[in-house]
Amino acid sequence: MQYRAVKGFKDILPDKIGTWNKIESEAKRLFNLFGYKEIRVPVLEKAELFARSIGRDTDIVSKEMYTFQDKGKKSITLKPEMTAPVMRAYLENNMGNISRLHKIYYISPLFRQENPQAGRLRQFNQFGAEALGSDAPELDAEVILLSLQIYDRLGISNLKLLLNSVGDLRSRERYKKVLKEYIAPLLNLYCDDCHKRFKTNVLRILDCKNESCFKLNLKAPKLLANLSKECAKHFTQLQNILKDNGVEFEVNPYLVRGLDYYTRTVFEITSDELGSQDAICGGGRYDLLAQQLGGQPTPAVGFASGIERLLMVMDAQGLFKEEEERLDIFISPLGEEASFLAIKWVQRLRTLGYKTERDYLNRSLKAQMREANRLNAQLVFLLGDNEIKKREFTVKEMDAGIQRALSFSEVESYLKNYFRP
Ligand code: HAM
């Protein structure tokens with residue numbers, strides 16, 4: 001085969017689409033129930049948008065973006081995430097003037113040039129939600145409850161909710177100093193990437209997956225112990241609301257997430273069913289992003305869930321079942337005249353709302369019956385010269401194994417009766 005899909009890009013074939021549709025429709029149903037409205041933003045944005053929001057020193061921006069120059073020599077990026085484009089659209093369209101609180105959801109493909117592995121693709125899909133306009137911890141809780149409810153409706157179990165607060169700018173600046181004091185004498189024990197992180201953004205060191213760095217980090221001072229009073233109160237309130245609503249969680253003081261726009265709440269939902277890429281969902285609060293992008297202060301919180309990873313978990317938990325589809329009617333024409341007539345009948349029956357298919361390959365009766373069985377047809381309408389002469393079909397009711405003649409004029413009333421709920 002000469003042409004293959006680009007590395008890290010995958011087809012979703014028709015036999016798997018049922019589960020995708022189920023996930024998307026369940027997510028949409030719950031977004032709707034929670035009052036979130038859909039947004040669709042372009043697949044391309046100016047590269048600068050992501051550098052400003054996600055942060056220049058993050059892995060996503062420094063290593064993983066698909067960025068190229070367009071004809072006007074502008075630097076353009078295939079969107080690697082949705083929070084920044086949603087905020088850009090919110091600000092550009094002055095949505096804050098229309099209403100003080102906007103609750104928005106999306107389902108979208110995204111692009112990151114990471115090393116492909118299980119659960120890590122270069123094109124992947126997310127559904128997610130962003131609530132813009134309030135800093136109330138109740139809204140953080142709503143976003144978390146919403147994501148958990150979607151997973152629950154899909155039948156997924158054994159998920160873990162990890163929670164942390166990365167504080168506001170002041171708390172973070174204070175903490176960066178404390179962390180640098182701890183790491184400086186140990187720096188030669190950290191990996192090369194962490195040496196760079198020490199200079200650019202020391203907080204990123206806490207996110208390092210290297211085992212020796214991870215061990216050193218275990219003894220590092222905690223950001224949670226350095227939160228301002230207001231941030232600590234916000235975090236306590238959020239935890240109380242979650243407990244009150246019966247949500248189990250684990251506070252993980254090392255959770256800093258791979259994007260720089262977060263303030264206060266950050267969270268991830270993980271599954272043991274996945275390997276090293278165990279997060280099916282990530283999110284948090286980003287109260288300063290609107291201002292960073294030149295807008296009015298707009299506190300906001302959101303989450304995004306990776307659909308491919310969700311499918312892996314559903315597969316591992318035996319929830320990955322394509323539903324058996326049924327065809328209402330298969331028309332089986334034999335001969336040229338029957339074939340012409342069949343196309344009219346297919347059209348007519350489809351217009352009446354019946355899922356109808358026919359043979360297009362001039363197959364033998366036996367082969368057409370095999371095809372009708374493969375398509376799981378409930379009825380087969382046989383149409384040969386004899387039937388045309390008598391202006392009728394020979395109908396096979398497949399489940400009952402009954403065969404009968406049906407005149408053209410009676411088709412509609414027969415079907416109404418047969419498919420009566
Ligand atoms: P994120 O943690 O980068 O956050 O991505 C969220 C989820 O997308 C991950 O937990 C994972 O399930 C999935 N994901 C990420 N990268 C890949 C990949 N290369 N292959 C497959 N799945 C992947 C964000 O994107 C933030 N915008 C979330 C957010 C919304 N924060 C606030 N609002």
Side-chain angles (χ1 to χ4, degrees), residues 1-28 38-47 49-51 54 58-71 74-86 105-128 150-151 154 156 209 258-259 269-271 273-282 303-325 360-361 374-375:
M1 172 55 213
Q2 193 177 358
Y3 295 107
R4 297 188 153 269
V6 174
K7 185 176 164 193
F9 288 66
K10 265 199 180 155
D11 303 308
I12 303 160
L13 296 176
D15 66 337
K16 293 281 184 288
I17 210 69
T19 314
W20 278 81
N21 286 336
K22 187 173 165 211
I23 291 175
E24 290 181 13
S25 65
E26 203 53 60
K28 278 187 183 176
E38 186 174 7
I39 194 168
R40 296 188 190 189
V41 296
V43 88
L44 296 170
E45 295 279 352
K46 291 184 182 145
L49 172 70
F50 299 112
I54 301 173
T58 56
D59 282 354
I60 298 179
V61 173
S62 66
K63 300 184 201 159
E64 296 166 3
M65 294 209 303
Y66 282 94
T67 299
F68 57 92
Q69 287 207 335
D70 67 3
K71 280 188 181 165
K74 297 228 168 62
S75 201
I76 301 287
T77 297
L78 276 174
K79 57 187 179 187
E81 63 102 50
M82 282 293 286
T83 309
V86 168
Y105 83 85
Y106 47 82
I107 301 178
S108 176
L110 299 160
F111 306 87
R112 296 183 194 174
Q113 223 163 147
E114 301 190 71
N115 276 337
Q117 61 179 83
R120 198 201 260 166
L121 292 153
R122 291 186 166 180
Q123 177 177 339
F124 60 98
N125 292 272
Q126 286 182 346
F127 61 75
I150 295 174
Y151 300 139
L154 291 169
I156 301 171
K209 302 288 182 282
L259 308 102
I269 299 173
T270 62
S271 165
E273 241 87 52
L274 299 172
S276 57
Q277 306 300 316
D278 64 351
I280 55 167
C281 174
F303 81 91
S305 179
I307 301 181
E308 284 81 358
R309 290 194 197 167
L310 202 57
L311 281 170
M312 287 169 71
V313 176
M314 289 177 75
D315 197 12
Q317 298 190 352
L319 305 165
F320 201 140
K321 286 198 190 81
E322 284 294 319
E323 267 168 34
E324 219 179 79
E325 279 196 43
Y360 283 107
L361 301 174
R374 194 185 69 77
L375 295 172

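- Classification of the Phe127-Phe303 ring pair by plane angle, with boundaries at 30° and 60°, yields perpendicular.
- A donor-acceptor pair under 3.5 Å is formed between the side chain of Ser305 and the backbone N or O of Ile280.
- Between Pro85 and Tyr106 there is no side-chain heavy-atom pair separated by less than 4.5 Å.
- For the pair Thr19/Leu311, a side-chain contact is recorded, criterion being any heavy-atom separation below 4.5 Å from C-beta on.
- Here the side chains of Phe9 and Arg4 are not in contact, with every heavy-atom distance at 4.5 Å or above.
- Atom OG1 in Thr67 sits 10.0 Å away from atom CG in Leu44 (nearest 0.5 Å).
- How far CD1 of Ile76 is from CG of Leu49: 11.0 Å, rounded to the nearest 0.5 Å.
- To the nearest 0.5 Å, atom CD of residue Glu273 and atom CE of residue Met312 are 10.0 Å apart.
- When all heavy atoms of Ala51 and Val61 are compared, the closest pair comes out as CA-CG1, 4.0 Å.
- Of all heavy-atom pairs between Met65 and Gln113, the closest is O-NE2, 3.5 Å.
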- Verify side-chain contact (heavy atoms from CB on, under 4.5 Å) between Leu310 and Tyr151, making sure each step is shown before the conclusion. CA-CA 9 Å; Leu310 202 57; Tyr151 300 139; 3.3 Å; yes

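- Of all heavy-atom pairs spanning Ile156 and Val313, the tightest one is CG2-CG1, 3.8 Å.
- Remark: Glu325 CD is loosely packed, at most 12 non-hydrogen atoms of other residues, nucleotides or ligands lying under 6.0 Å away.
- Distance check: Gln126 CD to Lys79 NZ gives 10.0 Å after rounding to the nearest 0.5 Å.
- Of all heavy-atom pairs between Arg112 and Pro80, the closest is NE-O, 2.8 Å.
- Under the salt bridge (charged side-chain N to carboxylate O under 4.0 Å, His left out) criterion, Glu114 pairs with Arg120, sequence neighbours left out.
- For the pair Asp59 and Lys63, the salt-bridge criterion is met [side-chain N within less than 4.0 Å of a carboxylate O].
- For the residue pair Gln317 and Ser271, no side-chain donor N or O sits within less than 3.5 Å of a side-chain acceptor on the partner.
- The side chain to side chain contact (heavy atoms under 4.5 Å, CB included) test with Ile23 singles out one residue from Ile107, Ile150, Ile307, and that residue is Ile307.
- Taken to the nearest 0.5 Å, the NZ atom of Lys10 stands 13.5 Å off from the CZ atom of Arg122.
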